[in-house]
A.B. asks: 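What follows is a single structure, and I will ask about it in a moment.
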Amino acid sequence: MSMEIKMRRARLDDAEAIRRIDSLTGGVFGLEISPRPEEYYQDWLHYHRANKRCPAFVGTSEGKVIWWVALGEMPGGYPFDGVATVETGIPEELAGTEVTDLLLRFLEQQAVKLGYYKLMAFLETEQRYLLHTYRRVGFRDVGVLRSHGYRKGKLVDLVILERLLTPDMKGLEEYYRQTYDFYDEYFEKERRQVLTDSGYALEYEEIETPEDQLPEGIVRFLRTKRTPDGQPVRRRVEAEREETSPQEQSAPGGPPQLPEGIIRFLRSKKNPDGSFIDPELPPVVPVKLPERPSQPDGTPAPGLGVVNDPSDEELDGQLQFNDV
């Protein structure tokens, strides 16, 4: 543009000019088809001039206001004080041009100076030029609000965009301390807690699970673990093993034994040099199943292998499963 354009803070007497621009652009969201009364814009300007964290600006050419931009509050209360919304009133002929890029970057600079760490924007899906411009300067799509606005007899969607700025965590803490007394108390409490808790050690009581309640593999693993003073984690393992003779280990009612098949398998495993991996396995204890008692006529008594449920027999008269 060849004409000279100047930027300045919006004044109260700019209300009618901003109202005129909104009547052409559809307002902040692009949804309005009728301009609001001038009193609304006067109240809007009063708010933006009184709130230093939400300034409004206008662009002028030859003394005439040709666009406006502003930073607005994010709804949700004080936790969102570091997030600002982007509000713009840019004529359609300038939307998507270099002017829009410069205005968005200008708002980003103002937001950084005021301590914001994020900018949010909401655009109607038909504002394709503006959407492209926002994405070009660093905004990214967050999502779409389906059927979120009413315009000209139909429901339309709004696109949510965000621009992450560099957060100043120290500056945020200072702001919340100065603005909210309860946050100043919170940070002081946190500081005292850190000083008090320095050197704090968690106390706990170690309880050992009896070995006969643990799988053999876990017991062998625990035998290799040591406490910080060099003592074995399972302190009773070796003593109990030495006190129990091989006969007692294999006797009925003694310490639990591995199944015969597993012991035979483990004994067959060898190292690359030909030595057995675990030569200290317990002896193989054959497992003999108890004999089933006989009936008076000499036939075996019914056991787990025979299905005698009358309901099953009714389903299939000769359906029985016998032991093998």
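Here the structure is a predicted model, which means the values were calculated and not measured. If you read the sequence from its start, that first residue is 1, and numbering goes on from there.
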A.B. asks: Using atom types as modelled and distance alone, determine if a side-chain donor or acceptor of Asp141 lies under 3.5 Å from a backbone N or O of Leu161.
C.D. replies: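 A pair under 3.5 Å: no.
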A.B. asks: Ion pair present between Glu126 and Arg128, side-chain N to carboxylate O less than 4.0 angstrom?
C.D. replies: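 So Glu126 pairs with Arg128 through a salt bridge.
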A.B. asks: Just checking, any donor-acceptor pair under 3.5 angstrom between side chains of Asp22 and Tyr40?
C.D. replies: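 No - no donor-acceptor pair under 3.5 Å links their side chains.
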A.B. asks: With a 4.5 Å limit on heavy-atom distance, are the side chains of Arg53 and Tyr175 in contact?
C.D. replies: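 Arg53 vs Tyr175: side chains touch.
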A.B. asks: Does any part of the side chain of Val137, heavy atoms only, come nearer than 4.5 Å to the side chain of Thr100, both counted from C-beta?
C.D. replies: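 Not in contact.
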A.B. asks: Look up atom CZ in Arg177 and atom CD in Glu185, then write down how far apart they are to the nearest 0.5 Å.
C.D. replies: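 Arg177 atom CZ to Glu185 atom CD measures 11.0 Å (nearest 0.5 Å).
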A.B. asks: Test of understanding: clusters of I, L, V, M, F, W, Y form through side-chain heavy atoms closer than 4.5 Å, transitively. Do Trp68 and Leu24 belong to the same one?
C.D. replies: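 Not linked; separate clusters.
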A.B. asks: With a 3.5 Å distance limit and no angle check, can you tell me whether Arg19 reaches the backbone of Arg36 through a side-chain donor-acceptor pair?
C.D. replies: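 It does hold such a pair.
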A.B. asks: Is a side-chain donor or acceptor of Thr85 paired with a backbone partner of Gly72 at a separation under 3.5 angstrom?
C.D. replies: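 Flag set: sc Thr85 to bb Gly72 pair under 3.5 Å.
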A.B. asks: Suppose we screen for salt bridge (charged side-chain N to carboxylate O under 4.0 Å, His left out). Which residues come up paired with Arg49, at least two apart in sequence or across chains?
C.D. replies: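 For Arg49, no residue satisfies salt bridge (charged side-chain N to carboxylate O under 4.0 Å, His left out) once neighbours in sequence are set aside.
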A.B. asks: Indicate yes or no: does Glu188 engage Arg191 in a salt bridge with an N to O separation below 4.0 Å.
C.D. replies: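 Answer for the salt bridge query: yes.
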A.B. asks: Okay, side chain of Arg151, backbone of Ile33: is any donor-acceptor separation there less than 3.5 Å?
C.D. replies: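 Between the backbone of Ile33 and the side chain of Arg151 there is no qualifying donor-acceptor contact (under 3.5 Å).
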A.B. asks: Would you confirm whether the ring centroid of Tyr183 sits within less than 6.0 angstrom of the ring centroid of Phe187?
C.D. replies: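 Yes: the rings meet the under 6.0 Å criterion.
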A.B. asks: Hey, does the side chain of Tyr47 reach the backbone of Cys54 with a donor-acceptor pair shorter than 3.5 angstrom?
C.D. replies: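 Flag not set: sc Tyr47 to bb Cys54 has no pair under 3.5 Å.
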